[in-house]
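Accompanying notes for the structure given below.
In each ligand, atom 1 is the first atom listed, and ligand 1 is the first ligand listed. Heads up: numbering here begins at 1 and tracks the sequence.
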Amino acid sequence: MDSAEYERKIASRFAAFDQDGNGYIDREDFSGAAAKLLAEFSTTARCEKGQALYYGAEAFWQGMAGIADVDGDQRVSRQEFITGAVKRLRDRPQRFAEIARPFLHAVIAIADEDGRGVTPLAAERVLKVLGVEPERAARVAGALDTDANGRIGEDDILAGFAAYYVTPEHP
Ligand code: CA
Ligand code: CA
């Protein structure tokens, strides 16, 4: 894959972060995603898990801004996303997992409804709430259960999440 094609595919990931579709990634996209996830799993914002999710969403936003908000206006434009996020994360996808980890850890705590791990179905619900097309959500969630035991481990979720958002080759 050449560089131009890579950037074009990464640009399509921009829409996944721009949850409200206003053309910028900003704090509201992350807090909005947290609110939608709480509603999906019938969790209140005031409980410990709800607080952890909002904290994680804010940390995720701060990490994203630190990497990509080059002009410091508290929002990441499409061009900033491509030049900042893509160029810095291409060689270090684990950096992406690091900034996303507190958020994903909190999402897992909410999506693990019986305390025995996240099921592929719960992961599919998370992805759909975040705007992933239903067919792709089912495919990605199913692929995360690498040992097919019906539960998805945190490491697999982190790796899958990073792969989905920064590796265009991922399904
Ligand atoms: Ca937005
Ligand atoms: Ca900016």
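No donor-acceptor pair under 3.5 Å is formed between the side chain of Asp20 and the backbone N or O of Asp29.
Between Glu98 and Arg101 there is no salt bridge, since no side-chain N of the basic residue sits under 4.0 Å from a carboxylate O of the acidic one. A salt bridge links Glu113 and Arg125; the closest N-O separation between the charged side-chain nitrogens and carboxylate oxygens is under 4.0 Å.
Closest approach of Ala123 to Ile152, counting heavy atoms only: CB-CD1, 3.8 Å.
Checked options Asp145, Asp114, Asp156; the residue passing with Arg151 is Asp114 (criterion: salt bridge (charged side-chain N to carboxylate O under 4.0 Å, His left out)).
Note on Asp73: its N/O/S atom closest to the Ca ion (ligand 2) is OD1. The nearest N/O/S atom of Glu80 to the Ca ion (ligand 2) is OE1. The N, O or S atom of Asp69 with the smallest distance to the Ca ion (ligand 2) is OD1. The minimum distance between the Ca ion (ligand 2) and any N, O or S atom of Asp71 involves atom OD1.
By the side-chain contact (heavy atoms from CB on, under 4.5 Å) test, Ala45 pairs with Leu38, Tyr54, sequence neighbours left out. Remark: Lys49 pairs with Thr43, Cys47, Ala109, Ile110 by the side-chain contact (heavy atoms from CB on, under 4.5 Å) rule, at least two apart or across chains.
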Anything under 3.5 Å between a donor and an acceptor, one on a side chain of residues 64-72, the other on a protein residue two or more places apart or in another chain? List them.
unit_1, atom_1, unit_2, atom_2, d
Asp69, OD1, Gly72, N, 3.1
Asp69, OD1, Asp73, N, 3.3
Asp69, OD2, Asp73, N, 3.3
Asp69, OD2, Gln74, N, 2.9
Asp71, OD1, Asp73, N, 3.2

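The number of protein N, O or S atoms lying under 3.0 Å from the Ca ion (ligand 1) is 6.
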